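Input: a single structure, listed below in structure tokens.
Chain identifiers are assigned alphabetically (A, B, ...) following the order of the sequence lines, protein sequences preceding nucleic acid strands; residue numbering begins at 1 within each chain. The shown structure was predicted, so the numbers you read here are calculated from the model rather than taken from an experiment. Side chains are part of it too, since the values below use all heavy atoms of this structure and drop only hydrogens, waters and symmetry mates.
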Amino acid sequence: MNVRTRIAPSPTGYLHVGTAHTALFNYLFAKHSSGVFILRIDDTDPLRSKKEYEDSILRGLKLLGIKWDEGADIGGPYGPYRQSERIGRYRQYIDQLLKQDKAYYCFCTPEELEKERKEQKEKKIPTKYSGKCSHLTKQQKEAFQNEGRKPVVRFRTPQKRIVFRDMIRGDIDVDASLFGDFVIARSDGSALLNFAATVDDIEMKITHVIRGEDFLNLTPRQLLLTEALGHPIPQFAHLSFLYAPDRTKLSKRHGATSVTEYIEMGILPEALVNYLMTLGWSMPKDTSQAKPTDLFGVKEAVLSFTIEAVQKSAPIFDIEKLRWMNGEYIRAKSDKELKELIYQHLSILTREHDALVDKIIPLVKERMKTLAEFMSLAGFFFERPKAFERPLKDAHLKVGRVALESCAWNHDAMEKSIRDAADTAKLKARDLFMEIRIAVTGKTVGPPLLESLEILGKEEILERLNSKI
RNA sequence: GGCGCCAUCGUCUAGCGGCCAAGGACGCGGCCCUUUCAAGGCCGAAAUCACGGGUCCGAAUCCCGUUGGCGCCA
């Protein structure tokens with residue numbers, strides 16, 4: 001069987017890391033079986049859906065290297081892949097169910113339904129639709145229509161137990177009589193998301209539906225609908241949500257939630273993807289390696305990915321581990337690659353800085369956890385420090401200036417001169433180094449000092465020292 | 001409220017009945033290296049496997065219940 005999976009984001013916001021996570025697992029699963037991965041846009045909510053969001057979601061996924069074989073932008077044999085362009089199809093399926101009496105018109109008003117619910121609550125019985133309109137006569141229907149009522153369409157839910165096997169969670173057992181006849185089309189005729197998704201999954205021949213756990217309770221309905229429509233049911237797998245450290249859903253108040261925001265922070269796409277893959281899944285131990293590793297790419301993951309190995313519990317998104325991983329990826333880059341990334345990331349740098357940047361990169365590479373940190377680490381190369389972390393010690397600076405004035409401008413000569421001067425003045429060399437560091441960079445921590453002095457040049461350094469004495 | 005899902009170090013996880021008085025990674029602490037900070041190396045603290053019952057010669061692993069978290073429906 002040819003595996004076909006899909007990600008179906010609603011374009012109501014920028015690409016959320018949780019969506020990227022789900023997309024990634026769909027992709028890994030499909031590609032592990034040489035299957036097809038599809039990108040569908042579920043834009044059934046016209047009020048909240050925006051083209052801008054759709055574009056950014058597509059861009060984000062591409063950036064992460066998650067490529068789809070069929071999708072809203074590139075089409076494919078089962079298109080269109082945008083729900084707003086499929087409305088007519090949903091109508092056809094609704095009519096089919098209506099014709100077969102597997103669905104019916106319900107004329108109940110919201111007020112009537114609310115009243116019904118209230119009564120059920122008072123009697124402490126499960127709240128569900130009573131089925132009041134399930135067997136209306138022709139006359140009754142006409143009477144309602146003459147009143148001007150617009151009916152919704154409800155699915156006639158078979159009263160039975162539904163058992164299905166979730167590839168991650170195992171057997172799930174639900175009693176369909178508990179949720180009753182649910183709505184599949186609004187009074188304006190438009191299909192509800194769950195119905196639309198069911199139809200799309202059928203038409204797009206989706207074999208494995210891998211999605212968020214919020215759909216777990218909706219799956220029995222999809223199963224019933226698929227059955228009623230006369231199609232084979234796909235396999236299901238439900239992934240846990242990603243949570244913030246306070247165990248609530250990742251949201252704006254926890255900081256960055258969208259892929260774009262992480263990229264803007266200077267997280268490399270490969271690092272983000274790698275980190276996301278370790279959330280809920282782990283690379284099987286390689287017996288040839290002494291230690292298992294958290295560091296691996298999509299290609300390797302595709303080889304060993306199995307959905308059964310996915311963790312059931314909900315992971316917490318830990319930005320510290322992401323930052324560590326990003327540092328690993330930065331250090332794995334060649335200096336040249338890193339330079340290009342830095343140019344892309346920091347628009348204030350231009351090619352005229354090229355010679356300088358070439359020299360700086362080896363000094364800061366192993367100190368950076370994000371691309372954005374380049375500037376906080378190396379800013380002093382581009383402009384003189386405006387602020388100083390602490391007041392400077394004049395006596396030390398004078399000794400340091402004298403030592404540097406007279407010596408050749410290379411690492412070893414400077415070191416010797418500074419150490420000798422420290423000895424003569426009965427100062428600790430390390431203190432002398434520190435004062436020079438602060439005078440030159442403004443900070444107590446930073447790249448190696450003597451290498452930095454070499455790069456900035458004697459004239460500039462002496463001026464920086466003089467200005468502080 | 002009804003139903004469903006989940007539960008191993010602070011965090012991500014390994015573990016799928018004996019190899020586990022629980023392994024790795026991030027983070028944290030210490031030491032080494034060192035002109036600072038990193039990077040790197042070494043060492044360490046950190047989970048009575050949520051709790052309580054079973055099943056079994058034997059349970060983190062199977063079953064039941066409780067608690068807590070989350071979700072769906074309303």
Side-chain angles (χ1 to χ4, degrees), chain A residues 113-114 116-118 120-129 162 166 168-180 182-183 194 212-221 238-249 274-285 289-295 308-328 330-331 362-369 373 376-377 389 400 411 414-415 418-419 422 428-438 440-441 443-453:
Chain A
L113 293 172
E114 185 50 46
E116 203 178 280
R117 232 174 272 139
K118 232 176 137 183
Q120 289 170 338
K121 256 191 171 160
E122 278 163 15
K123 288 183 195 156
K124 294 210 188 285
I125 56 175
T127 47
K128 65 165 181 180
Y129 179 60
I162 300 159
D166 184 283
I168 295 172
R169 290 158 201 265
D171 289 340
I172 310 281
D173 193 331
V174 185
D175 186 354
S177 61
L178 254 29
F179 54 77
F182 55 92
V183 178
N194 196 230
E213 61 182 333
D214 47 339
F215 284 96
L216 188 59
N217 289 287
L218 264 15
T219 301
R221 298 170 195 214
H238 293 272
L239 262 20
S240 288
F241 284 139
L242 266 28
Y243 288 89
D246 61 1
R247 299 209 169 266
T248 60
K249 272 174 84 172
N274 188 162
Y275 179 62
L276 253 15
M277 288 191 293
T278 67
L279 261 28
W281 185 74
S282 64
M283 183 63 101
K285 271 186 198 140
Q289 263 181 320
K291 285 183 181 177
T293 181
D294 285 343
L295 299 172
E308 291 78 12
V310 173
Q311 192 85 5
K312 291 181 244 195
S313 54
I316 287 170
F317 192 94
D318 176 14
I319 193 155
E320 278 312 312
K321 187 152 182 178
L322 207 212
R323 285 169 50 77
W324 161 76
M325 207 171 255
N326 201 54
E328 293 284 331
I330 285 177
R331 267 170 265 130
L363 266 42
V364 296
K365 190 169 163 183
E366 65 194 24
R367 283 159 240 265
M368 294 168 61
K369 284 207 165 100
E373 282 168 13
S376 56
L377 248 20
E389 245 180 70
H411 180 287
M414 286 189 273
E415 178 168 13
I418 291 170
R419 286 188 188 283
K428 279 189 191 158
R430 59 188 306 138
D431 294 340
L432 203 42
F433 281 117
M434 184 50 83
E435 291 312 305
I436 296 171
R437 170 181 293 284
I438 297 171
V440 171
T441 72
K443 295 177 182 175
T444 54
V445 303
L449 183 61
L450 295 171
E451 286 82 346
S452 301
L453 300 189

Partner nucleotide, any strand, of B:rA50 [Watson-Crick/G-U, under 3.5 Å]: B:rU66

Distance-only side-chain donor-acceptor flag, A:Arg367 / A:Ser376, under 3.5 Å: no

Sugar-phosphate only, base, or nothing, as touched by A:Lys249 at under 4.0 Å among non-hydrogen atoms: sugar-phosphate

Heavy-atom protein contacts under 4.0 Å, nucleotides 6-12 of chain B, coded B base, S sugar-phosphate only, - none: SS---SB

B:rG2 and B:rC20, which share atom name C1', separated by this distance in whole Å: 41 Å

Distance between P atoms of B:rC70 and B:rU11 (Å, rounded): 15 Å

Of A:Arg221 and A:Leu449, the one whose closest RNA chain B nucleotide lies more 5': A:Leu449

Sugar-phosphate only, base, or nothing, as touched by A:Arg331 at under 4.0 Å among non-hydrogen atoms: sugar-phosphate

Heavy-atom pair of closest approach, residues A:Glu415 and A:Leu450: CB-CD1, 3.6 Å

For B:rA25, the Watson-Crick or wobble partner whose two distances fall under 3.5 Å: B:rU11

Sugar-phosphate, base or nothing in reach of A:Glu116, heavy atoms under 4.0 Å: nothing

Euclidean distance, atom CG of residue A:Leu216 to atom P of B:rC70 [Å, nearest integer]: 17 Å

Spacing of A:Glu366 atom CD relative to B:rA39 atom P, expressed in whole Å: 8 Å

B:rC6 versus B:rA14 - spacing of their P atoms, nearest Å: 15 Å

Contacts of A:Asn274 that satisfy side chain to side chain donor-acceptor pair (under 3.5 Å) - sequence neighbours left out: A:Tyr329

Spacing of the P atoms in B:rC26 and B:rG40 (rounded, Å): 9 Å

Integer-rounded Å distance: B:rC73 C1' and A:Tyr129 OH: 17 Å

Touch class at under 4.0 angstrom, heavy-atom based, for A:Pro245 against every strand present: nothing

Nucleotide of B:rC72, B:rA38, B:rU35 approaching A:Asn217 most closely (side-chain heavy atoms): B:rC72

Options B:rC26, B:rC37, B:rG71, nucleotide nearest the side-chain atoms of A:Glu320: B:rC26

Of the listed nucleotides B:rG4, B:rG27, B:rU13, the one nearest the side chain of A:Trp324: B:rG27

Rounded interatomic separation in angstrom, taking CG from A:Asn326 and P from B:rA38: 18 Å

Options B:rC3, B:rG71, B:rU36, nucleotide nearest the side-chain atoms of A:Phe241: B:rG71

Spacing of A:Leu432 atom CG relative to B:rU35 atom P, expressed in whole Å: 13 Å

Short side-chain to backbone donor-acceptor contact, A:Tyr275 and A:Arg323, under 3.5 Å: no

Length of the line joining A:Leu295:CG and B:rC26:C1', which is rounded to integer Å: 11 Å

B:rG53 to B:rG10 separation - P atoms, rounded to the nearest Å: 23 Å

Pair assignment for B:rG40, Watson-Crick or G-U wobble, requiring both distances under 3.5 Å: B:rC32

Separation between the P atoms of B:rG29 and B:rA38, rounded to whole Å: 10 Å

Touch class at under 4.0 angstrom, heavy-atom based, for A:Leu450 against every strand present: base

Sugar-phosphate only, base, or nothing, as touched by A:Asp173 at under 4.0 Å among non-hydrogen atoms: sugar-phosphate

Rounded interatomic separation in angstrom, taking CZ from A:Arg430 and P from B:rU34: 11 Å

Protein-nucleotide distance (A:Leu377, atom CG; B:rU36, atom C1'), rounded to Å: 12 Å

Minimum-distance nucleotide to A:Arg419 side chain [options: B:rC26, B:rA38, B:rU35]: B:rU35

Who pairs with B:rG71 - Watson-Crick or G-U, where each distance is under 3.5 Å: B:rC3

Selection from B:rU35, B:rG4, B:rU13 that lies nearest to any side-chain heavy atom of A:Glu451: B:rU35

Pairing partner of B:rA45 (Watson-Crick or G-U wobble, both distances under 3.5 Å): none

Watson-Crick/G-U partner (both atom distances under 3.5 Å) of B:rU61: none

Ring centroids of A:Phe433 and B:rU35 base under 5.5 Å with planes under 30°: yes

